[in-house]
Amino acid sequence: MREEMARREEAELRRSHQKPRSPEGWGLLLALWYLAFYKPIITEGHLRRKNIEFIFIRFSAWQYAGCDKLWAGLVTTLCDNIRHHFGALPLSVYHVMGTRPRFASGFSQKEWVLKTGTCLKLWGLLFILGAGLGILLVALLVPGIKDHHALKVVGSAVTSLSGSGLVLGAVSVLKNLLVSEKQKIERLTNSEKFTSQLGFMSKVRREVEVLVDYLAFMEIFERRRLRVVLEITSLDICYPEKVAGVLNAMNTLLSDTNTPFIFILAVDPSVIVPCLEQTGCMKGLADNGYLYLNRTVTLPFSIPEMGARSRLQCLEAAVQTREDLMYRIITSNVERRRAKCQHVPPAPTGREADAEAVRCIHEAFHCLHDGADPLARYLPTDGTHVRRIVNTIPITLRLLLHRAGTPSTPSPRAAAAWVVLADQWPCRLSWVLQCLEDAWQSHPTLDLGGRSLWSIFQENLGELSALRQPLHNVLSLDGDPELFQTFLACDFPFAARDARAFLGVTVNLDHSIRHKMGLLRGFDRLQ
């Protein structure tokens with residue numbers, strides 16, 4: 001959008017040879033002059049302008065999830081960011097003296113028309129003020145007239161009345177300068193009227209209309225179109241009522257024909273749709289959240305699945321957030337060099353173990369980052385899951401090294417693969433582990449160490465299929481079933497002994513899933 005903005009700016013400059021203006025420096029004085037004494041006119045030339053400026057506003061719904069009305073946070077964020085973008089003074093003057101733009105009559109290209117009434121009122125007040133000051137000075141200074149109290153009273157009254165009009169205008173501007181639109185709406189939400197909604201929505205709507213008119217005024221002043229782009233994120237981790245409130249606020253702001261707002265709604269529909277269907281906003285839409293979204297979103301864009309390069313870039317960005325690993329490598333290298341120079345004994349065993357853990361962690365990350373390694377193909381496309389994997393691998397490897405002592409300690413690559421397996425298919429892996437646990441408990445002497453996990457899963461697949469209904473929510477956590485088969489049957493054929501080695505250090509697998517599966521298997525066998 002920024003590239004499109006720059007491209008259009010250059011094209012419009014070549015077409016009209018008019019540079020855009022900005023309310024900064026001398027431009028601020030010019031904007032205040034136009035605000036006070038001129039009416040903006042929407043001409044044909046203005047409508048032909050193609051250059052545009054996007055005002056980007058990021059709204060994280062989670063930051064306002066605790067307030068009673070989440071949509072009020074959306075409106076206050078909008079008002080506050082527009083105020084900061086253009087400055088508080090021009091918006092305050094517009095509240096007092098600004099005029100809503102109107103369309104030109106005929107083919108006139110004149111974008112500014114003098115406010116005749118305002119100028120006459122101002123000159124009249126100044127004339128009356130000057131006359132009152134003159135009468136007052138004459139009554140106070142001219143000999144022979146000092147004793148006439150009537151002139152003093154008339155001069156004081158005329159001066160006070162004319163000066164009070166100017167003072168009231170300045171006080172109104174100062175009031176709007178000190179009290180922002182955000183503070184006005186927050187004051188309304190804290191008042192008793194908010195609970196009963198008496199006139200509340202109309203006042204909020206009035207504040208938004210003033211902002212829309214002000215943006216239309218600034219479009220003509222800056223000689224370009226203005227669009228406010230609100231990026232709404234984190235909505236899918238809020239309560240259902242909050243989600244519906246934000247979407248209703250979006251529809252309200254977009255209800256006008258020429259609204260200058262663009263909403264970028266970054267959400268997961270599989271989470272948003274159930275939230276909408278739980279609220280009362282679905283009445284009349286057959287309780288269909290997808291239908292509601294289709295009527296709200298005018299440009300749907302589903303992000304395609306990540307390619308191999310994008311996954312590796314996402315992984316690299318997640319690894320770089322682990323500064324503790326990089327710090328440990330640097331400090332261990334410095335200590336090793338210092339020990340060589342001073343000929344001191346080697347570091348204690350604890351530090352050697354820590355250095356070994358860092359080496360294993362980086363070896364595991366190298367396998368994930370290697371495009372030729374099959375493990376890289378199983379990286380998730382969701383950035384949150386990538387960060388979970390990156391954060392879990394160091395813990396898993398440190399726990400493995402802490403419990404080491406047997407010659408069959410898994411390799412760092414195998415540990416990384418196990419973490420990915422638990423993250424991508426928690427339900428299927430939990431089912432395999434539960435079947436193994438039940439087999440070990442019922443036949444303690446049975447040797448299952450050499451059996452592959454995939455063969456155990458196939459053997460008990462029919463029982464899992466029979467439990468689809470009670471395990472529906474857990475099964476929805478799993479990734480592609482075909483990739484699960486390829487993972488366990490071809491690329492990483494883990495055996496039962498591997499599962500026994502990893503089970504005690506698997507921290508990214510919810511063990512309550514296995515507990516639920518064990519209860520369901522027990523109930524099924526009782527029947």
Is the closest side-chain heavy-atom distance between [X] and [Y] below 4.5 Å?
X    : Y    : answer
L265 : T296 : no
I55  : F86  : yes
L91  : Y214 : yes
P426 : V474 : no
R428 : P481 : yes
I264 : L230 : no
V229 : F263 : no
P40  : R102 : no

Item to check | V507 vs T392, side chain to side chain contact (heavy atoms under 4.5 Å, CB included): CA-CA, chis, key distance, verdict | outcome: CA-CA 7 Å; V507 296; T392 305; 3.7 Å; yes

Indicate the atoms forming the closest heavy-atom contact of [X] with [Y], along with that distance.
X    : Y    : value
S234 : I237 : O-CG1, 3.1 Å
A422 : L509 : O-CD1, 4.0 Å
Y94  : V210 : CE2-O, 3.9 Å
I272 : D236 : CD1-CA, 3.8 Å
F54  : M5   : N-SD, 3.2 Å
L483 : Y378 : O-CE2, 3.6 Å

Going by an N to O cut-off under 4.0 Å, is there a salt bridge joining [X] and [Y]?
X   : Y    : value
E4  : R8   : yes
E53 : R224 : yes
E44 : R48  : yes
E9  : R14  : no

Checklist entry - Can you list the steps and then say if F365 with I393 is a side chain to side chain contact (heavy atoms under 4.5 Å, CB included)? => result CA-CA 8 Å; F365 284 150; I393 286 177; 3.9 Å; yes

Donor-acceptor pair, side chain of [X] and main chain of [Y], under 3.5 angstrom:
X    : Y   : answer
S16  : L13 : no
N51  : E10 : no
K115 : M97 : yes
Q109 : G45 : yes

Checklist entry - When the ring planes of W112 and F217 are compared, do they come out parallel, tilted or perpendicular, using 30° and 60° as the limits? => result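 Rings of W112 and F217: perpendicular, as their planes differ by over 60°.
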
Checklist entry - Going by the angle between their ring planes, with limits at 30° and 60°, are F37 and W33 parallel, tilted or perpendicular? => result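 Judged by the thresholds at 30° and 60°, the geometry between F37 and W33 is tilted.
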
Gap separating the [atom1] atom of [X] from the [atom2] atom of [Y], nearest 0.5 angstrom:
X    : Y    : atom1 : atom2 : answer
K110 : T43  : NZ    : OG1   : 12.5 Å
I232 : S60  : CD1   : OG    : 10.5 Å
R21  : Q18  : CZ    : CD    : 8.0 Å
T99  : L35  : OG1   : CG    : 8.5 Å
R83  : L211 : CZ    : CG    : 10.0 Å
L226 : H85  : CG    : NE2   : 7.0 Å

Checklist entry - Can you tell me if CZ on R58 sees more than 12 non-hydrogen neighbours from other groups inside 6.0 Å? => result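 Atom CZ in R58 is not crowded, with 12 or fewer foreign heavy atoms closer than 6.0 Å.
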
Checklist entry - Taking atom CZ of R15 as the centre, does the number of heavy atoms from other residues, nucleotides or ligands within less than 6.0 Å exceed 12? => result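 Yes, because the 6.0 Å sphere around CZ of R15 holds more than 12 heavy atoms from other groups.
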
Next on the checklist: Which residue in the set V75, N81, D80 passes side chain to side chain contact (heavy atoms under 4.5 Å, CB included) when paired with T77?
Outcome noted: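 So the option named by the test is N81.
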
Item to check | Verdict with reasoning, E12 to K50, per salt bridge (charged side-chain N to carboxylate O under 4.0 Å, His left out) | outcome: CA-CA 7 Å; E12 182 64 24; K50 301 298 182 183; over 6 Å; no

Next on the checklist: Assess the residue pair D478 and L429 against the criterion (side chain to side chain contact (heavy atoms under 4.5 Å, CB included)); give the C-alpha distance rounded to whole Å, side-chain angles, the decisive distance to 0.1 Å, and a yes or no.
Outcome noted: CA-CA 9 Å; D478 283 2; L429 179 59; over 6 Å; no

Checklist entry - Of all residues at least two apart in sequence or in a different chain, which pass the salt bridge (Lys or Arg N to Asp or Glu O under 4.0 Å) check with R387? => result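 Expected list: none.
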
Item to check | Candidate pair C427 and L477, rule side chain to side chain contact (heavy atoms under 4.5 Å, CB included), full reasoning | outcome: CA-CA 7 Å; C427 180; L477 299 176; 5.7 Å; no

